[in-house]
Amino acid sequence: MSEPVLDAAMIDNLRQLTPPGEPDVLAEVLELFLQDVPRRIEKLRAAWAAGDAAELHKTAHSLKGSAGNIGAQTLFGVCRQLDDKGRAGDLTDAKPLVDALVTEYARVEVAIGLILRG
Amino acid sequence: MSRMVISTQSLQVLVADDEPVSRTVVGAMLKKAGYIVHFANDGDQAWSQLDGENPPAIALLDWEMPGLAGPEVVSRIRGRKVPTPTYVILLTSRDSSADIVAGLKAGADDYVTKPADQDELIARVNVGARVVQLQSALAERVRSLEEALANVKALQTLLPMCAYCKAIRNDQNYWQKVETYFHDHSGVSFSHSYCPNCYERFVKPQLDALDDASQAAQKQKRK
């Protein structure tokens, strides 16, 4: 019933970007994601805790970009909602979204792990 | 004129984005299409590459970057007076049409929404490559026309000529043979011949002398 954690077509496109004889682009991008995203989720949580809407907008915006590039559609949607809230400067209902972001990232991490071990 | 055409394969493209996943994916798409890709993590790095020696011809700039943001980088690029300006494509979110308008007003040539669709991204960068090639061909043409104009001007000015040997003094204060001077400044070549007056004055006496000498030699033999 729920949409896949990672969009198969996007993953396939990334896989095909690897030039012959070069390191795997898909693996490089996914590893970069795992390295970089947790740090920025921490920043976003800190921004939420501090009630800093501008910083929350900035981090949610860049997380949205990362999620979109690997086809993590649900994560992308959550980031977009947080991005909008931050931009509007209204963090009143942001808590469930911050929680959803953490939960969805855990699912993405598992899915990436499966591909990398593939 | 074919030497002016830069092949797409050798064009350099800068990808400036603080978000590493997007930067890597866009870079991989461009590499696959045959471009030489450079990266910048923020606006300051982007500007130092674009303002340096042999800068990338095309720049893909993220709208929201730390340091100099996209619009600031664009306005600096447009402030440079160069014959072949950088072709600028902004990378923006799908949902920010106000940013797109502001970016184009600031001097960007085009925009691509993130996450970038591979086919669309490459098609737009290829348009940029075409514009860059046309501009560089045009700049080369203007340069060669200016050079030709400078030579025409040199010929129109008063030329100092030696009253005796007819040598011409060039801009470097060096006396050149008239043939050499005109060849250098106009591409005119001279074929050497003689006019009827000079035939009578110089050539005929020489031929006559030669004739006399050969007759004298024959008389000598017969003796």
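Please read these numbers as outputs of a predicted model, since none were measured by experiment. Heavy-atom basis, side chains included; hydrogens, waters and symmetry copies ignored. Within every chain, numbering begins at 1; the chains are lettered A, B, ... in the order of the sequence lines, protein sequences first and strands thereafter.
In this structure, S22(B) OG and I70(A) CD1 are separated by 12.5 Å, a value rounded to the nearest 0.5 Å. Between atom NE2 of residue H61(A) and atom CG of residue D62(B) there is a gap of 6.5 Å, rounded to the nearest 0.5 Å.
Side-chain contact between F76(A) and P115(B) is present, with heavy atoms from C-beta onward closer than 4.5 Å.
Of the listed residues (T18(A), L30(A), N13(A), D36(A)), the one with the most heavy-atom contacts under 4.5 Å to chain B is D36(A).
In this structure, chain B has a heavy atom under 4.5 Å from the side chain of E28(A), while its backbone stays farther away. L17(A) touches chain B through backbone and side chain together, each having a heavy atom under 4.5 Å away.
Within 6.0 Å of CZ in R40(A) there are more than 12 heavy atoms belonging to other residues, nucleotides or ligands. More than 12 heavy atoms of other residues, nucleotides or ligands shown are found within 6.0 angstrom of NZ on K85(A). More than 12 heavy atoms of other residues, nucleotides or ligands shown are found within 6.0 angstrom of OH on Y87(B). Heavy atoms from other residues, nucleotides or ligands lying under 6.0 Å from OH of Y194(B) number 12 at most.
Of the charged side-chain nitrogens involved, none lies within less than 4.0 Å of a carboxylate oxygen, so that E22(A) and K31(B) do not count as a salt-bridged pair.
Across all non-hydrogen atoms, the minimal contact from Q16(A) to K32(B) is O-NZ, 3.0 Å. Summarising the geometry of A28(B) relative to V25(A), their closest heavy-atom pair is CB-CG1, 3.7 Å, with the distance given to 0.1 Å.
With 3.5 Å as the limit, one finds a donor-acceptor pair spanning the side chains of E19(B) and S66(A).
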